[in-house]
Amino acid sequence: MNTSYFAEIILPLNLEGTFTYHLTDSDLQQIKIGQRVAVPFGTQKLYTGVIHSIHQNKPELYKTKGIYAFLDDEAIVTPTQIKFWEWIANYYVCSLGDVFRNAFPSALKLESQTFVRLIIDNYEKIEELNDNEFLVYEALKLRQLISVEEAALIIDDKSAIPTLKLLIDKGIIQLDEKIQEKYTPKIENYVRIHPNIKGNDAAFIQILDSLNRAQKQREALLQLITIETQKPNEPLKVSEFVKMGTTNSIVKTLAEKGAVEIYQHQTSRVDETETEKEEIHQLTLKQTEVLEKIKAEFSAKQTVLLHGVTSSGKTEIYIKLMEQVIKKGNKVLYLLPEISVTTQIVHRIKKHFGERVGVYHSKFNQNERVELWKKTLNVEFDIVIGPRTTLFLPFTSLGLVIVDEEHESSYKQIDTKPFFQGRDMAMVLSSMMNAKTLLGSATPSIESYYNARQGKYGYIELNERFGNIKLPDIKLVDLKKAQKEKELTHDISHILRDEIIEQLKEKKQVILFQNRRGYAPILECNSCGNTPECPNCDVSLTYHKFSNQLKCHYCGYAQAKPNRCVSCGSVELNTKGLGTEQIEHQLQDIFPEARIRRMDVDAMRGKFAYEKLIEDFENHEVDILIGTQMLTKGFDFGNVNFVGVIRADSLLNFPDFRAHEKAFQLLTQVSGRAGRREDQGKVLIQSYQPEHLVLQNVTTYNYQKTMSDILYERKEFYYPPFARIIKLRFKHKNKERLDKTAEQLVKLLKPNFDSRCLLGPEAPSVGRINNLYITDVMIKVLPNQSPMKVKQLIRKEIDRLCTIAAYRSVRIDVDVDPM
DNA sequence: AGCACGCCGACT
DNA sequence: GTCGGCGTGCTC
């Protein structure tokens with residue numbers, strides 16, 4: 001045995017670095033960088049790891065373990081991915097295991113769901129097996145596969161892993177790596193008249209004659225003809241056809257005789273309504289010009305920012321560009337904000353490029369994820385479309401990465417480590433693969449705009465809408481004035497009301513925007529002023545009228561709405577603030593005839609809620625749609641000429657340095673939903689402060705002015721893009737310990753920073769979530785400092801802090817470039 | 001992250 | 001008398 005070789009293995013743990021395992025001679029023969037392996041860890045655990053590297057440096061400080069099994073014949077993680085993961089771990093101050101865990105589909109991580117199978121079923125030296133080994137052996141003789149979990153049940157004691165290890169060593173069992181193969185991708189069968197006889201009367205009559213003695217088949221065929229004539233271009237599922245009075249075997253026989261054709265078609269609700277829509281038109285002169293400019297910029301720069309107003313036809317430009325990249329033999333990654341992934345853009349691209357487009361979606365189940373991973377690995381796609389997680393698929397030879405709606409905050413991962421910014425990582429991945437990155441937006445983020453203006457990125461503007469339709473006319477409505485003059489019903493000014501009436505009269509659909517869900521964010525007692533708060537978080541509960549509940553939007557806590565004030569018993573409970581649900585009620589009151597629907601997370605629960613709503617909207621089964629920011633993402637409908645904003649104020653008064661930037665982007669994007677296809681659209685924005693600079697700039701579409709105002713402030717107060725921010729977020733259930741720990745870390749860091757650059761600790765606006773107190777420390781890294789050195793310093797000081805028991809239990813999250 | 005080990009309170 | 005709470009320490 002040659003034990004002088006070792007492998008560094010990446011494990012899905014929140015621990016620094018890789019783990020060393022020794023290799024046997026037979027291991028050495030099959031091992032490949034990027035392969036999955038099953039390895040024992042601790043006394044109990046079996047983890048799926050990925051081979052990071054192979055070397056001969058025997059670790060002196062601990063005893064190594066061996067690899068249980070190789071789970072793949074070939075590598076399923078590419079060298080570039082490993083490099084990419086390391087880059088992310090380094091930049092976002094987290095462990096490689098954190099990245100691995102997030103980047104890798106969990107179905108490929110077997111762990112305790114791992115199965116073992118027997119390879120020798122007549123083992124001769126049974127008497128040499130110990131009790132536990134024998135029990136597992138017997139169990140396996142009865143059933144082919146058992147999971148590690150089940151084995152742990154059979155042998156009472158928790159010695160399952162060691163026992164299995166012994167059996168593996170004796171060559172009696174092996175880990176079964178083929179579990180995913182049990183699942184097959186779900187494909188729906190469709191039926192249509194065979195193309196050979198469709199429109200060929202002679203052939204058709206011949207077939208029909210031959211069916212003279214098969215009445216059932218004849219009937220079925222005639223029925224299919226009728227359906228196809230009535231609803232041409234609408235795919236018909238075999239299962240649906242069978243429901244209309246025939247059987248599967250009849251359809252099958254017809255297919256064998258060449259009368260009908262059974263074909264596969266990816267199932268998607270939206271697909272079905274959209275099948276016959278829009279071919280990609282030839283590019284307009286303007287679009288061609290932009291395309292050429294992009295290519296010219298790419299020859300000198302790695303990244304180009306395409307700043308094109310809403311509805312300017314960016315998608316067509318992307319499509320042409322992608323075509324050209326693919327023609328050269330390269331692949332394309334097309335990133336979109338989460339929610340848009342289900343919408344029209346994807347269908348247009350699929351329509352244009354067909355089967356070689358892979359679409360990733362966070363609602364995908366594990367099997368679909370694995371399938372997409374494997375197909376990407378096998379280079380079966382020319383284009384892969386998806387949200388930020390799509391970055392982690394095993395690409396080869398990327399030529400272009402597109403980040404559409406580049407300014408969208410959903411590119412930043414905020415819930416799980418690593419807290420990465422997808423747009424930025426797209427550029428990193430792209431440069432690792434010598435590809436180009438195209439950022440697209442109607443309202444670029446200030447960082448991208450600044451980088452472009454500094455010459456770091458190419459910058460191209462597209463100022464006119466497709467077909468030269470004018471940008472919507474945006475007007476402000478002064479709510480103070482409306483209130484004073486009694487020109488207000490509930491929260492709808494009469495100007496807005498009359499506009500809606502006008503639109504409905506013309507059979508147009510109306511979109512209204514209110515950036516808050518629920519009915520009212522606060523329920524307040526009229527006599528004592530008490531407001532119900534969440535028992536787990538430091539926020540007041542939001543009133544949801546539909547369910548008659550008070551809900552916490554942070555932890556999900558819900559309780560029935562009390563009839564009396566819990567504090568003083570008064571029945572006079574008032575709502576304060578304004579949510580989408582309340583607007584919905586008000587609208588129903590003002591427009592009793594209108595069909596009103598709501599689009600927010602509450603209304604979009606359930607797998608196809610979003611698709612269904614889009615379908616209904618498209619079919620004009622909705623007159624007025626009221627929604628939150630969800631509306632701004634990929635919502636593109638021709639029959640909308642008017643958009644209303646109920647209250648812009650909450651956007652402007654956000655206590656955050658990005659508030660103005662976000663408000664401008666959001667309002668511009670919402671306005672962009674109006675008048676996309678024919679006439680100039682109209683927009684009304686209601687606000688109590690119509691004189692606000694941001695609102696004024698929105699009405700004049702003055703992006704440049706807005707950005708230069710904001711840049712001025714950012715420079716003054718050392719905010720991005722003039723400094724990089726690193727936020728340290730401390731969480732603990734004990735407030736005192738939390739504050740002490742945060743203060744201690746600040747004390748340790750202080751000598752290295754200017755006082756303007758080390759802020760806090762300070763509790764965020766919601767100081768407790770899910771019974772954990774929170775406090776933040778903000779570090780501003782100035783251009784003359786090395787961000788990497790600062791991060792190393794932070795790592796070092798956190799480690800030092802952790803040597804003291806009292807501080808160790810406080811969780812510290814490092815958020816680089818927070819939102 | 002998990003999990004074992006170890007030390008203190010409320011239960012069959 | 002034990003079950004189980006979570007504080008502490010370790011994992012290749």
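Heavy atoms only: backbone and side chains are in, while hydrogens, waters and symmetry mates are out. Chain letters run A, B, ... following the sequence lines, proteins first, then strands; residues in each count from 1.
Ion pairing of Lys740(A) with Glu743(A) is absent here, as no side-chain N (NZ or NE/NH1/NH2) approaches a carboxylate O to less than 4.0 Å. Ionic pairing of Arg388(A) and Glu408(A) is not present here: no N-O contact between side-chain nitrogen and carboxylate oxygen is shorter than 4.0 angstrom. Salt-bridge formation is not detected for the pair Lys170(A)/Glu128(A): no Lys NZ or Arg NE/NH1/NH2 atom is positioned less than 4.0 Å from an Asp or Glu carboxylate oxygen.
Here dG7(C) presents its P atom at 10 Å from CG of Asn734(A), a figure rounded to the nearest Å. Note: CZ (Arg811(A)) to P (dG2(B)) measures 12 Å, nearest angstrom. Atom CG in Leu23(A) sits about 12 Å away from atom C1' in dC12(C), given to the nearest Å. The interatomic distance linking Leu46(A) (CG) with dT11(C) (C1') rounds to 14 Å, in whole Å. Distance Tyr68(A) OH to dC12(C) C1': 13 Å, rounded to the nearest Å. Atom pair Phe100(A):CZ and dC12(C):P shows a separation of 16 Å (rounding to whole Å applied). Straight-line distance from the CG atom of Leu11(A) to the C1' atom of dA1(B): 11 Å, rounded to whole Å. In this structure, Phe19(A) atom CZ and dC12(C) atom C1' are separated by 6 Å, rounded to whole Å.
If you check every strand for non-hydrogen atoms under 4.0 Å, Leu61(A) touches nothing. Here Thr20(A) lies in heavy-atom contact (under 4.0 Å) with a base.
A close approach under 4.0 Å does occur between a side-chain nitrogen or oxygen of Arg808(A) and OP1 or OP2 of dG9(C).
Remark: the backbone N or O of Phe41(A) is not paired with any side-chain donor or acceptor of Lys65(A) at under 3.5 angstrom.
Counting atom types as modelled, Tyr62(A) pairs a side-chain N or O with a base atom of dC12(C) as donor and acceptor under 3.5 Å.
Minimum atom distance to the side chain of Lys733(A) is reached by dG7(C), of the listed dT11(C), dC12(C), dG7(C).
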